[in-house]
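These notes concern the structure reproduced below.
Numbers for residues simply follow the sequence, beginning at 1. Computation of the quantities below employed the complete heavy-atom set of this structure, encompassing side-chain atoms and omitting hydrogens, waters and symmetry-equivalent molecules.
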Amino acid sequence: VTLQDDFRNSYLSGNTSGVGRKSFTPIPKPNWRVTWQGFEKFIPLIGDNMNRASITHSYKGTYRLGWQLVNQAGQPTSNSLGGLVTINDNRDKFEPASISIDQRFSPLVQLNITWKSALKTDFGYETSKLTSFSLSSNTVSERRSKGFKFNLNYTFRKVRIPIFPKIKNNIDLALSGNYSEDSDQNFILVNDLINAFQNFDENGTNVDAYDFDPQNETGQKRYNGSLVVGYRISSTINSNFEYTYNRVIPKGSSIPPRTNQEIRFNIRIAIRSR
């Protein structure tokens, strides 16, 4: 219980107050989404070529705690830290088991534009942080993500194609892509305590002389892109051509990069009966 209080104090900006009989659940913080319309008026030169432009910002946070009922409540338990120190404790009837805090700015900032040519584009930057704490192993895991994304949509109107020369319909074009980078790192409390006890004769009670030793950082970089071209032949027949590209580059590991490419062509026919 004291460990989950310390974890909450560290990762929730000092918010240690909670609700419920055990105070396991912290007082929730608000989520929000903000949109600033009419931003085209503040863009020089190219702002006159825009119908609409807006800025979007959004935040969402989630706190989860899993707890368990202890059948051996009140009985003493002991844990050894590397054979150096033994910690004795009395187990409570209810104990927290795992905690996770998910904080996402999705997007942190995004520019959405509808051009006078009917072209629609948006470009944004997003970031997130997922922190989890396993109380069985006393390990804190952090995953940080950040990346850019863009989307482009345009409609070519009354297009004639050679296969159907008498038909003039619209062609819808959708282009999207994103780049993201993830980093994962673990912090093991037991290892840091063992290091602290081993150096106690040298550092004594000087808290500033001790530090934590995080595990090696891992993660990956991802590049994703897609192109979709759609053509409506009639009210009952439409077709799509789709190309997708995915590349994953692991970092801090011996796993080689991998690339996936897919091409799809679909024809949909709607059959109706009376």
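- Taken together through direct or relayed side-chain contacts under 4.5 Å among Ile, Leu, Val, Met, Phe, Trp and Tyr, Phe7 and Val190 form part of one hydrophobic cluster.
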Steps toward ring pair (Phe, Tyr, Trp, His ring centres under 6.0 Å) verdict (Phe265, Phe241): CA-CA 5 Å; Phe265 182 73; Phe241 170 83; 7.1 Å; no

Working for side-chain contact (heavy atoms from CB on, under 4.5 Å), residues Asn169 and Lys158: CA-CA 4 Å; Asn169 283 329; Lys158 296 182 179 181; over 6 Å; no

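- Distance OG1/Thr139 to CD1/Ile188: 5.0 Å, rounded to 0.5 Å.
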Intermediate values then yes/no, side-chain contact (heavy atoms from CB on, under 4.5 Å), Phe133 and Leu3: CA-CA 10 Å; Phe133 184 25; Leu3 283 177; 4.1 Å; yes

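- Across every non-hydrogen atom of Glu126 and Pro107, the tightest pair is CB-CA, 4.1 Å.
- Cluster membership for Val248 and Tyr223, using ILVMFWY side-chain heavy atoms within less than 4.5 angstrom, is not shared.
- Scored by the side chain to side chain donor-acceptor pair (under 3.5 Å) test, Glu95 finds Arg91 as partners (sequence neighbours excluded).
- Looking at heavy atoms from C-beta onward, Leu152 lies out of side-chain contact with Lys120 at the 4.5 angstrom threshold.
- Both Phe105 and Val34 are members of a single hydrophobic cluster when ILVMFWY side chains are connected at heavy-atom separations under 4.5 Å.
- Within the structure, the side chain to side chain donor-acceptor pair (under 3.5 Å) test picks out no pair touching residues 189-214 (sequence neighbours left out).
- For Lys221, the NZ atom counts as loosely surrounded, since its 6.0 Å shell holds 12 or fewer non-hydrogen atoms of other residues, nucleotides or ligands.
- The local environment of CD1 in Ile255 is sparse, with at most 12 non-hydrogen atoms from other residues, nucleotides or ligands closer than 6.0 Å.
- Residues Arg222 and Ser180 bring a donor and an acceptor atom of their side chains to less than 3.5 Å of each other.
- Looking only at side-chain heavy atoms (C-beta outward), Ile113 and Phe39 stay at 4.5 Å or farther from each other.
- Partners of Phe200 according to the ring-ring contact (aromatic ring centres under 6.0 Å, His included) rule, which considers only residues two or more places apart in sequence or in another chain, do not exist here.
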Just distance, no hydrogens or angles: give the donor-acceptor pairs under 3.5 Å from side chains in residues 172-179, sequence neighbours left out.
residue : atom : partner : partner atom : Å
Asp172  : OD1  : Thr155  : OG1          : 3.1
Ser176  : OG   : Ser226  : OG           : 2.7
Asn178  : OD1  : Asn224  : ND2          : 3.2
Tyr179  : OH   : Glu181  : OE1          : 3.3

Pair Ile55-Thr35, side-chain contact (heavy atoms from CB on, under 4.5 Å): steps then yes or no: CA-CA 6 Å; Ile55 294 288; Thr35 301; over 6 Å; no

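- The structure places CZ of Phe94 at 11.0 Å from CD of Gln68, a figure rounded to the nearest 0.5 Å.
- Linking Ile, Leu, Val, Met, Phe, Trp and Tyr residues whenever their side-chain heavy atoms come within less than 4.5 Å places Val109 and Met50 in a single cluster.
- Inter-residue side-chain proximity for Asn260 and Tyr245 is flagged as unmet; no heavy-atom pair is nearer than 4.5 Å.
- Glu262 is linked by a side chain to side chain donor-acceptor pair (under 3.5 Å) to Arg264, counting only residues two or more places apart in sequence or in another chain.
- In terms of the side chain to side chain donor-acceptor pair (under 3.5 Å) criterion, Thr131 has no residue partners (sequence neighbours excluded).
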Intermediate values then yes/no, side-chain contact (heavy atoms from CB on, under 4.5 Å), Arg33 and Lys60: CA-CA 9 Å; Arg33 183 177 181 86; Lys60 183 177 182 180; over 6 Å; no

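- In terms of heavy-atom proximity, Asn153 sits nearest to Leu119 at O-CD1, 3.5 Å.
- Every side chain to side chain donor-acceptor pair (under 3.5 Å) that Trp115 has, sequence neighbours left out, goes to Thr121.
- Contact detail for Asn170 and Tyr231: the closest heavy-atom pair is O-CD1, 3.5 Å.
- Shortest non-hydrogen contact noted between Ser239 and Ile267 is CB-CG1, 4.1 Å.
- The stretch residues 140-151 participates, sequence neighbours left out, in these side chain to side chain donor-acceptor pair (under 3.5 Å) pairs: Tyr11-Glu142, Asp122-Asn151, Ser141-Asn186, Arg143-Asp184, Ser145-Asp182.
- The shortest heavy-atom contact between Asn31 and Tyr59 is CB-O, 3.4 Å.
- Rounding to the nearest 0.5 Å gives a distance of 10.0 Å between CG of Leu189 and CG of Leu135.
- Cluster membership for Ile99 and Leu69, using ILVMFWY side-chain heavy atoms within less than 4.5 angstrom, is shared.
- The two residues Ile101 and Tyr63 come nearest to each other via the heavy atoms CG1-CD1, 3.6 Å.
- Identified under the salt bridge (Lys or Arg N to Asp or Glu O under 4.0 Å) test for residues 104-115, with sequence neighbours left out: Asp102-Arg104.
- Qualifying ring-ring contact (aromatic ring centres under 6.0 Å, His included) partners for Tyr125, counting only residues two or more places apart in sequence or in other chains: Phe148.
- One finds the CD atom of Glu242 at 7.5 Å from the CG atom of Asn266 (value rounded to the nearest 0.5 Å).
- Annotation: ring-ring contact (aromatic ring centres under 6.0 Å, His included) contacts of Phe42 (sequence neighbours excluded): Trp36.
- Atom OG of residue Ser183 and atom NZ of residue Lys129 lie 10.0 Å apart, to the nearest 0.5 angstrom.
- For residues 38-58, the side chain to side chain donor-acceptor pair (under 3.5 Å) pairs, not counting sequence neighbours, are Trp32-His57, Ser54-Asn112, Thr56-Asn112.
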